[in-house]
Amino acid sequence: MGNTRAAPGALGLVCAQVVSLQAGAAVAKAAYAHVSPTALAGMRLGFAALVLWCVVRPRLGRFTAERWRAAVGLGVVLAAMNTAYFQAIGELPLGVAATLELLGPLLLTLALSRSPAQLCAGLLALAGVLLLAAPGGALPVAGLALGGLAAVCRAAYVVLNRRVGRLFPDWSGLTVALAVGAVLLVPVAAATDGAAVARHPAVLGTGLLVALLSSLIPYSLDLLALRRVGVRAFGVLLALGPAVGAAVGFAALGEQLDVRQCGAVALVVAACAWAVWSGNAAGAEDSTAKAEAGAAGAGRDGGAV
């Protein structure tokens, strides 16, 4: 599973990330009556980049070409992912949008899986995701397309964020990535929704809150989690996203849950628990095997003496 001993700690980080991310999405969606999803996505990245830059103050002169490529690539993906996802939640319930976005990391997990337990956990989570993404009524084609685009971006984000976490010992890489994303997206948001923001200046406070809940907190937690577990394990742990999204959508926005969605929630939670349990079991087996090998080697050395 990749660094399985750290899986329980990573689970806590991913749970906190998922709750924060979905809460931020609910706050953003509630403001769509005043400004467009593009405006909220721009404010999300813009405020997040500004706050983190003031805190971290990255020393750009120390960046190598490899670090620049990783940070800029992550920034481009962040801009695309934020735009697609915020547009998607304007068309779909939070739980469904979170489900579609999760397809990217889950398919990545399945593609990289080697152990039977990991593969089965990923397939179980995928079954729950597909079940949650199939509500009784027809879904807008535009929403499905945007959710699919968000899924592709989310898979790229997982890979690139892990790379940034390995290349940078601090938060400099994430800071530059957010700045790149903001440079790409904020001008577009200003051009399309500047007048609407001027008419409703209070939405700037909403944008700052969304930046904290949907960017600063979850992206930082992602970076920490991806330093502890591999991409495969991280993709399975993200299966909690649709369940939390559906719950937050119901509590904050009145989006109803039906029996099928409750069943899907149970599947993804079971898959997450299975992934963590199988990782701990694999870690314990590896430790036992190493200990036995060490004891056998010591015995041989003792016999030679």
Side-chain angles (χ1 to χ4, degrees), residues 13 16-17 20-21 23-25 27-28 31 35-87 101 104-105 149-150 152-194 197 201 203-227 234:
L13 292 171
Q17 177 259 43
S20 181
L21 188 64
V27 171
V35 292
S36 74
T38 302
L40 265 301
M43 285 188 280
R44 172 185 178 178
L45 280 185
F47 282 125
L50 181 62
V51 171
L52 200 58
W53 195 282
C54 291
V55 172
V56 176
R57 297 182 182 181
R59 298 181 181 181
L60 303 183
R62 296 184 177 181
F63 280 33
T64 63
E66 184 181 17
R67 287 184 170 185
W68 273 114
R69 285 193 297 270
V72 171
L74 180 59
V76 173
V77 168
L78 285 174
M81 183 176 70
N82 276 270
T83 303
Y85 186 71
F86 271 37
Q87 293 285 350
E101 187 189 34
L149 177 59
V152 173
C153 293
R154 186 70 172 181
Y157 162 80
V158 170
V159 174
L160 289 173
N161 200 19
R162 179 168 173 79
R163 184 182 178 195
V164 167
R166 287 179 167 179
L167 290 175
F168 294 88
D170 54 15
W171 303 100
S172 297
L174 179 60
T175 303
V176 171
L178 284 170
V180 170
V183 167
L184 293 174
L185 192 52
V186 169
V188 177
T192 58
D193 283 84
V197 173
V203 79
L204 290 171
T206 302
L208 177 59
L209 180 59
V210 170
L212 292 173
L213 291 174
S214 294
S215 291
L216 284 174
I217 294 175
Y219 293 165
S220 299
L221 292 174
D222 280 350
L223 197 65
L224 292 174
L226 284 165
R227 286 173 176 168
F234 186 77

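We use all heavy atoms of the structure for the numbers below, so side chains are in, but hydrogens, waters and symmetry mates are not.
Among residues two or more places apart in sequence or in another chain, the side chain to side chain donor-acceptor pair (under 3.5 Å) test is passed with Thr206 by none. Every residue meeting the side chain to side chain contact (heavy atoms under 4.5 Å, CB included) condition with Leu209, not counting sequence neighbours, appears here in chain and number order: Val27, Leu213. Applying the side chain to side chain contact (heavy atoms under 4.5 Å, CB included) test to Arg69 and every residue at least two apart in sequence or in another chain returns Ala65, Glu66. Remark: Ser36 engages Asp193 in a side chain to side chain donor-acceptor pair (under 3.5 Å) (not counting sequence neighbours). Remark: Ser220 pairs with no residue by the side chain to side chain donor-acceptor pair (under 3.5 Å) rule, at least two apart or across chains.
Considering every non-hydrogen atom in both Leu40 and Ala31, the closest pair reads CD2-CB, 4.4 Å. Between Ser215 and Leu45, the shortest heavy-atom contact is OG-CD2, 4.5 Å. Closest heavy-atom contact between Ala211 and Phe47: CB-CB, 3.6 Å. Nearest heavy-atom pair across Gly173 and Ala71 is O-CB, 3.9 Å. In this structure, Ala182 and Ala49 approach most closely via the heavy-atom pair CB-CB, 4.0 Å. Of all heavy-atom pairs between Phe86 and Ala41, the closest is CD2-N, 3.6 Å.
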Margin query: With side-chain contact (heavy atoms from CB on, under 4.5 Å) as the criterion, how do Val176 and Arg67 come out once you've worked through the C-alpha distance, each side chain's angles and the decisive distance to 0.1 Å?
Written below: CA-CA 10 Å; Val176 171; Arg67 287 184 170 185; over 6 Å; no

Checklist line | side-chain contact (heavy atoms from CB on, under 4.5 Å) assessment of Tyr85 paired with Leu149 | finding: CA-CA 8 Å; Tyr85 186 71; Leu149 177 59; over 6 Å; no

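We find the CG-CG distance between Leu212 and Leu208 to be 5.0 Å, quoted to the nearest 0.5 Å. With rounding to the nearest 0.5 angstrom, the CG atom of Leu167 is 11.5 Å from the CZ atom of Arg162. The line from CG of Leu178 to CG of Leu50 is 11.0 Å long, rounded to the nearest 0.5 Å. Put simply, OG on Ser172 and CZ on Arg62 are 9.0 Å apart, with the number rounded to the nearest 0.5 Å. Considering CG of Leu13 and CG of Asp222, their distance stands at 9.0 Å, rounded to 0.5 Å. Annotation: the span from Trp171 atom CH2 to Leu216 atom CG amounts to 10.5 Å, rounded to 0.5 Å.
Put simply, the residue from Asp170, Thr175, Leu52, Leu174 that forms a side chain to side chain contact (heavy atoms under 4.5 Å, CB included) with Pro58 is Thr175.
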Determine all donor-acceptor pairs shorter than 3.5 Å in which one atom belongs to a side chain in residues 77-84; sequence neighbours excluded.
residue : atom : partner : partner atom : Å
Asn82   : OD1  : Arg44   : NE           : 2.7
Asn82   : OD1  : Arg44   : NH1          : 2.9
Asn82   : ND2  : Leu78   : O            : 2.6
Asn82   : ND2  : Tyr219  : OH           : 3.2
Thr83   : OG1  : Ala79   : O            : 2.9

